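Take a look at the structure below.
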Amino acid sequence: MRKTHEGDARVSEKEEKEKGRFIFERGYIDSERIIEPEKLELGGVDMSGRWGTLVLPRTIEQFDHTLFEEVKKLPGGKNIHRCWQCGNCTAVCPVAHAHPEFNPRYLIHITKMGYKTEIKKFKEYVYLCSGCGRCSVACPRDVDPKGVMSALSILFQRGV
Amino acid sequence: MDLNSVFPRELVTVLVVLFGSLCFALFYFRVRSWKVPFYPFYVVSQRSFKVFVENFLLLKRVGLWCEERAHTLSRALVLYGFFALFVCSVANYALNTSALTPLKPQNPLAILSDASSALVFFGGFSLLLRRLLNKRRREVTHADVWCVQALLSVFGATGALYPFFGGFVGITLYALHFVFLFLLLLVAPFTELAFLVWKGSFLIYKESRVSA
Amino acid sequence: MIGLNPVLVVGAGPAGLSAACDLSQAGVRVLLVERREELGGAPARWKYHTLAPDFVPVSRVLGPLIEQVTKSELVEVKKGCVVESFRGSVGDFEVRITELKTRRSETRRVSCVVVATGFEHFDARVDPRYGYGRVPDVIGINELEAMLSQGRVVKRDGSAPKRIAFVFCVGSRDRSTNPWCCTVCCGVSIKQAIELKRILPDSQIYMIYMDVRTTGLWEKLYWDSMEKFGINYIRGRVGEVYHTGQKLLVKGEDTLVRGPFEALFDMVVLAVGMEPGEGTRQAASIFGLNTNEYGFLLPRTPNIHYDSGREGVYLAGSCVAPMSVEEAISDGSAAAMQCVKLMKVMRA
Amino acid sequence: MDERLEITKEDERLFERLASERRAKLAMGTVEDYLRMLQKMRELEQKGEITVHHVTEEYQPVNVTTLSGRLKKIPTVKLWQHKSCGQCGHIPGYVSSLYWIMSELNVPYIDDTNQTSCTAWNYYGSGTSNSVALTAVFLRNMHVAWEKRAYPLIHCGTSYGDYKECRFLLITNSEIRERVRAILKKIDRDIVVPEELVHYSEWLHVMRFEIAQRKKFDVSQVKVAVHAACHTYKLMAEDFTYDESVLGGVKPAPTSSIALALGAKLVEYSNWYDCCGFGFRHILTEREISRSFAYFRKIRPIVNETRADVLLTHDTGCVTTLDKSQVVPLAHGYKESIPVLSDSQFAALAMGAHPFLVCQLHWHVTDWSALLSKMGIDWQKAKEEYKAYLERVKKGEKPYLIKPPPFG
């Protein structure tokens, strides 16, 4: 009776593994890049499942800064444009040491450049940020990564 | 001239309810301005209460990765203090039919609410101090954080001190206690607190939904 | 100082001009020989618009030097000439100077020499991956500087570019072309990007960099470009620039994401490096100066530029090492000082 | 006597050493190595260790320049067709077009049934036999051609690349030579090494002007994109035709040259040097990657950048992969698509060959109707004729076979 939210309509963990299981070098390919149709047919020929699988290329073709402009408007995200990817924030971040998937520098960079597939992969980890503020203290450019993380937490809930 | 005549019970309750709902409304509109779902609506369920208790009250989630023990502690103080103070006030309101007169010191409920106020003070003030003492941390702190921490401190302080002063001083402290509460309720939706509450409710929602 | 032979200054770039200017103001007669028909060296030849880091117009820096040199009667300027031969000992060197157009030459006696033959921009045609010289709208920072001077940056078809990519380290820090760093092209590219953003406010500019080496006070440029002008930085090097008929397909890698990119741009600006110029090579042979493995003139100790190791011959400017205009000017003054010192000793 | 198949100890050691030698010289067969090998081949011939099948006047050779500028003699007549298993299996129109062109130009050739596959299909998928076996097969075929006094013309890019490498190994490594000689003795043949290894696209390159003269349809409006097969010009890179007048001699000339000769417009695209996706190992173990690579890295850039009408290439794997990989993306809703033909099919069509009887376009998946109408070929009528022809064959009529001109 309650409507679910686009942000969480994630394919459950089990299905993730299943996709492209027959690919020999499956380990090298991100799940986001595999399109495996349940039902696919052309001219009477059934190509569902393995026979219709496509693997999208990793090439980045477009830098899209719309998200980046959005973050600047959200609380805490004012100075994201100052980030020059030096990695000071990740260095002092207690969460990053415990969870390699959470990397504030990386989250800032992929949002700034608009790499949608990367954002899809790492967006759920932004909530691990405990808001301790050590990164904002350490940042040489006063980007306030803690603020940016809170802005990203909001932004990623809009469904990227 | 006792507190009852100065602060009739009805006036206080009306003000508290008014500012409370105003705070909630402001909070709601601010979150909607971010164009994201307002999770507190979706959080009310038996499952999520258990998640709330486990992650917040038992500090599993809130303090987990704060390496500084003091920082986690002060946050916990504020959290518990405020929560306890809220419970005591409600209990006091329910039990005591007359106005919210300052209870005689030996009344257990008074001691409890006074202690919780003190907790809020110590929590808030230690957060404030932590930021004041470190030059770099001072530089990177935004106005809203100063505002909230200052308000929490004075709110806690006035709440804790007023029972020990009789007469005029007691009354002004008591009045200030409420003024700071209302200020806090008005300011909170525009500060980082709003984000923290929103994020907290989202995490509870996520936790309860996934395991459900 | 009048009685003695004049000082020969080879090359009228920032270094040569500042040497000639200081010497003439110190009352020393100067014989200034410049290969091209105008004074000012690279900044004049490529019509530099402004200098990093504060966008000071080149005319305000070099203008006074050129004015002093042309107006002062102590300085004899010989444009369009080269030094053909050089003999003799300090105080009484015999030099043959030939005018390029008429091939007429004359021999003069000079007391000492300041070699300031300067640099050449790297010719990006040598590195085919960028398609420079073959593909439209791939230009060097020198050509962009000329366009900025006119205040109008356009593609070859006359339209204003919307998406512009600056490619750093072209012909620098690359074993296949020149392995040294030209020290200035980061700062210059970022300065140009800011000026470009002022001219074309709604353009999107991307700097594709390996490291950003805006040294010293030039760092302000780097911060301002990100904070005030919204210029984007992608860490990586460019593997190929391909012309798809309308746009330029730039292939590289964003090393922060470990992902290859192939993005379309309207214009690609190559931050071309500095090479020892043709004049520097000739100077080395004529004045018998040794050069390092890259062709730059080799001072006796690399940290003191003017000391060429040969008595009475001083070095100045980017013929010794890649440097900015400001350094070249101070190099020129340093060399001038040595000449004045020498003249004093000789006269005594 | 049954040959026991498992490998003997010293063989294993030999191949191990050869493999390590190969790995040591990663870019095996650099230009200098290849020229040294050709020199050694002449020396071995003088010493009488091997016989060399020269491109004599009998084959009316024409000279082309290779990557290093060396002159390479391309035989034009009396050819021994070294067919490709992939072409005959997947795209028979490829070979029949070539035969049709040769019979049109009155070029005598032998379509010998006594020819085995080069067994190099999976050579680069590290799933095939070893260098001695491959070289033995190579020389067995060459010897058959030599016996019949016809010069081998290799259809498939992979066979061509594999034979170049086998010849390199044979000449530079005496142990392999002795082993192969022993094997050939068993079938009473001897080592006959062709002086030049010739790919059919080089023959088309040389004959392009005769073909252009017989052109019946105007292709000047047709925009052609070319994909050169990696195995032809990246294996033993020195030995393939480069021509100053075609693409500036920077890229291999075959296929591009015949398109230019026929008057079509040649277009450039950014992924010219990229693989077609067949990549050998990919097509077997990573079919999904091979199909996606072919489409996203080859077909889409070509269509988006050039709007070409046809994609020409000169190898089995390339035509099959580039053509058949477009089906799944089309099913997924991607729009870009382009017909893929071999250079022989395109030339035959331009010369007026029957699109179905000779070029057998019905084996191709992508839509070639737009191309044919642009060339002015009435393919609907041809289709009707073909259907009628099939009916007649069903009723017992003898099927149409291309008769090679009289040989010898």
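In what follows, chains carry the letters A, B, and so on, assigned in the order in which the sequence lines appear, proteins first and then strands, with residues in each chain numbered from 1. Every value quoted in this text rests on a predicted model; they were computed, and no experiment measured them. Reckoned from all heavy atoms, side chains included, excluding hydrogens, waters and symmetry mates.
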Practice item. Check whether A:Leu40 gets within reach of chain D through its side chain, its backbone, both or neither, counting any heavy atom under 4.5 Å. Key: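 The side chain, not the backbone.
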
Practice item. Measure distances from A:Ile29 to the heavy atoms of chain D and classify the residue's part below 4.5 Å as side chain, backbone, both or neither. Key: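 It is the side chain, since no backbone atom gets that close.
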
Point to revise | Top of D:Ile289, D:Val327, D:Val328 for chain A proximity - count of heavy-atom pairs under 4.5 angstrom | key: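 Going by pairs under 4.5 Å, I would pick D:Val328.
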
Point to revise | Whether D:Ser325 side chain and D:Leu322 backbone form a donor-acceptor pair below 3.5 Å | key: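 No: the side chain of D:Ser325 does not pair with the backbone of D:Leu322.
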
Check your understanding: If only atom types and distance count, is the side chain of A:Ser153 paired as donor or acceptor with the main-chain N or O of A:Met149 below 3.5 Å?
Key ->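 Yes, A:Ser153 side chain to A:Met149 backbone: donor-acceptor pair under 3.5 Å.
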
Point to revise | Within 45° cone of D:Tyr295 ring axis and under 6.0 Å: D:Lys298 NZ or CZ | key: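 Cation-pi check for D:Lys298 and D:Tyr295: fails.
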
Check your understanding: Is there a side-chain contact between D:Pro301 and D:Asn271, using heavy atoms and a 4.5 Å cut-off?
Key ->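 Touching, per the 4.5 Å side-chain cut-off.
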
